[in-house]
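Heads up, the thing below is written out as structure tokens.
We're numbering straight along the sequence, starting at 1.
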Amino acid sequence: QVQLVESGGGLVQAGGSLRLSCAASGRTGSVYGMGWFRQAPGKEREFVAAITWSGGSTYYADSVKGRFTISRNNAENTMYLQMNSLKPEDTAVYYCAAANELVLVTAKPQYDYWGQGTQVTVSA
């Protein structure tokens, strides 16, 4: 019902920057908020950042606070994650997610739709 298409992943050196994009299509009128999660090899998928679609309230994991910025373009139904000062520990597959309702933004079950994931690799 809602499709999410991600782009912008790639290989970057430590200290560099990347911008991830997530384009939403379908019945996007039901989307209340969107977020980014990441999963490193052998680890659980973890919360990175989230944003409410109408109010634009933002939320960040402590590990990325001050380095990553989440934003959205409501007219284009697109969400962005600007990642600066990247570290090797940021290496992971990054997933875009959308929720019809957000009570606990860090909880994976809160999200109803997921993108395919995009690989971010940060070299030393």
Side-chain angles (χ1 to χ4, degrees):
Q1 201 164 29
V2 175
Q3 293 80 43
L4 305 174
V5 179
E6 304 167 5
S7 61
L11 175 64
V12 65
Q13 291 185 330
S17 298
L18 285 173
R19 189 181 75 160
L20 305 183
S21 299
C22 176
S25 61
R27 297 184 62 85
T28 58
S30 65
V31 173
Y32 174 79
M34 298 179 68
W36 292 95
F37 289 75
R38 67 186 183 186
Q39 187 168 21
K43 299 187 181 299
E44 296 295 317
R45 191 172 301 184
E46 65 177 1
F47 170 78
V48 177
I51 187 168
T52 60
W53 209 242
S54 59
S57 299
T58 58
Y59 310 85
Y60 296 95
D62 289 341
S63 59
V64 306
K65 194 175 300 180
R67 299 187 298 121
F68 291 9
T69 302
I70 190 171
S71 61
R72 88 286 195 221
N73 185 324
N74 295 42
E76 298 296 330
N77 290 319
T78 303
M79 177 180 64
Y80 305 95
L81 184 68
Q82 179 66 46
M83 305 185 294
N84 299 326
S85 301
L86 283 163
K87 306 174 181 179
E89 51 262 44
D90 295 318
T91 295
V93 176
Y94 283 71
Y95 296 90
C96 171
N100 293 326
E101 180 180 345
L102 278 176
V103 177
L104 182 61
V105 299
T106 61
K108 293 187 292 293
Q110 289 281 288
Y111 294 84
D112 304 287
Y113 312 99
W114 293 85
Q116 77 286 355
T118 185
Q119 177 70 47
V120 172
T121 302
V122 184
S123 62

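- The disulfide (SG to SG under 2.5 Å) contacts involving residues 18-67 comprise Cys22-Cys96, where partners must be two or more places apart or lie in separate chains.
- Evaluation of the salt bridge (Lys or Arg N to Asp or Glu O under 4.0 Å) test over residues 104-124, restricted to residues two or more places apart or in two chains, returns none.
- Residues passing the side-chain contact (heavy atoms from CB on, under 4.5 Å) test with Ala92, sequence neighbours excluded: Arg38, Ala40, Tyr94.
- Of all heavy-atom pairs spanning Ala24 and Leu4, the tightest one is CB-CD2, 3.7 Å.
- Counting heavy atoms from C-beta on, the side chains of Val31 and Val2 come closer than 4.5 Å.
- Residues passing the side-chain contact (heavy atoms from CB on, under 4.5 Å) test with Ser71, sequence neighbours excluded: Tyr80.
- Side chain of Asn74 to main chain of Trp53: a donor-acceptor pair is present (N/O by atom type, distance under 3.5 Å, no hydrogens or angles).
- Follow the hydrophobic side-chain contacts under 4.5 Å out from Trp36 and you reach Leu18 in the same cluster.
- For Gln110 (side chain) and Val103 (main-chain N/O), a donor-acceptor pair under 3.5 Å exists by modelled atom type.
- Considering OG of Ser123 and CD of Gln13, their distance stands at 5.0 Å, rounded to 0.5 Å.
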Original post:
When you look at Val120 and Leu20, which way does the side-chain contact (heavy atoms from CB on, under 4.5 Å) test go after all the steps?
Top reply: CA-CA 9 Å; Val120 172; Leu20 305 183; 4.0 Å; yes
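- In this structure, Glu44 places its CD atom where only 12 or fewer heavy-atom neighbours from other residues, nucleotides or ligands lie under 6.0 Å away.
- Looking only at atom types and distance, the side chain of Thr121 has a donor-acceptor partner in the side chain of Gln119 under 3.5 Å away.
- Partners of Lys43 under the salt bridge (charged side-chain N to carboxylate O under 4.0 Å, His left out) rule, at least two apart in sequence or in another chain, do not exist in this structure.
- Note on residues 5-33: no pairs pass salt bridge (Lys or Arg N to Asp or Glu O under 4.0 Å), not counting sequence neighbours.
- With hydrophobic clusters built from ILVMFWY side chains whose heavy atoms lie under 4.5 angstrom apart, Val12 shares a cluster with Val48.
- When all heavy atoms of Arg67 and Ser85 are compared, the pair lying nearest together is NH1-O, 3.0 Å.
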**OP:** Might you work through the side chain to side chain donor-acceptor pair (under 3.5 Å) test for Thr118 and Gln116, ending with a clear yes or no?
**Re:** CA-CA 7 Å; Thr118 185; Gln116 77 286 355; 5.8 Å; no
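- Judged as a ring-ring contact (aromatic ring centres under 6.0 Å, His included), and not counting sequence neighbours, the contacts of Phe37 are Phe47, Tyr111, Trp114.
- Screening residues 71-84 for salt bridge (Lys or Arg N to Asp or Glu O under 4.0 Å) gives no qualifying pairs among residues at least two apart or on separate chains.
- Counting only heavy atoms from C-beta outward, the side chains of Phe68 and Leu86 approach each other to under 4.5 Å.
- Qualifying side-chain contact (heavy atoms from CB on, under 4.5 Å) partners for Ala49, counting only residues two or more places apart in sequence or in other chains: Tyr60, Ile70, Leu81.
- Within the structure, salt bridge (Lys or Arg N to Asp or Glu O under 4.0 Å) pairs that include any residue of residues 48-66 comprise Asp62-Lys65 (at least two apart or interchain).
- Scanning for side-chain contact (heavy atoms from CB on, under 4.5 Å) contacts around Ser17 gives Gln82, Asn84, with sequence neighbours left out.
- Residues satisfying the side-chain hydrogen bond (donor to acceptor under 3.5 Å, both in side chains) criterion with Ser30, sequence neighbours excluded, are Asn100.
- For Thr28 (side chain) and Ser25 (main-chain N/O), no donor-acceptor pair under 3.5 Å exists by modelled atom type.
- Ile51 CD1 to Ser57 OG: the interatomic distance, rounded to the nearest 0.5 Å, is 8.0 Å.
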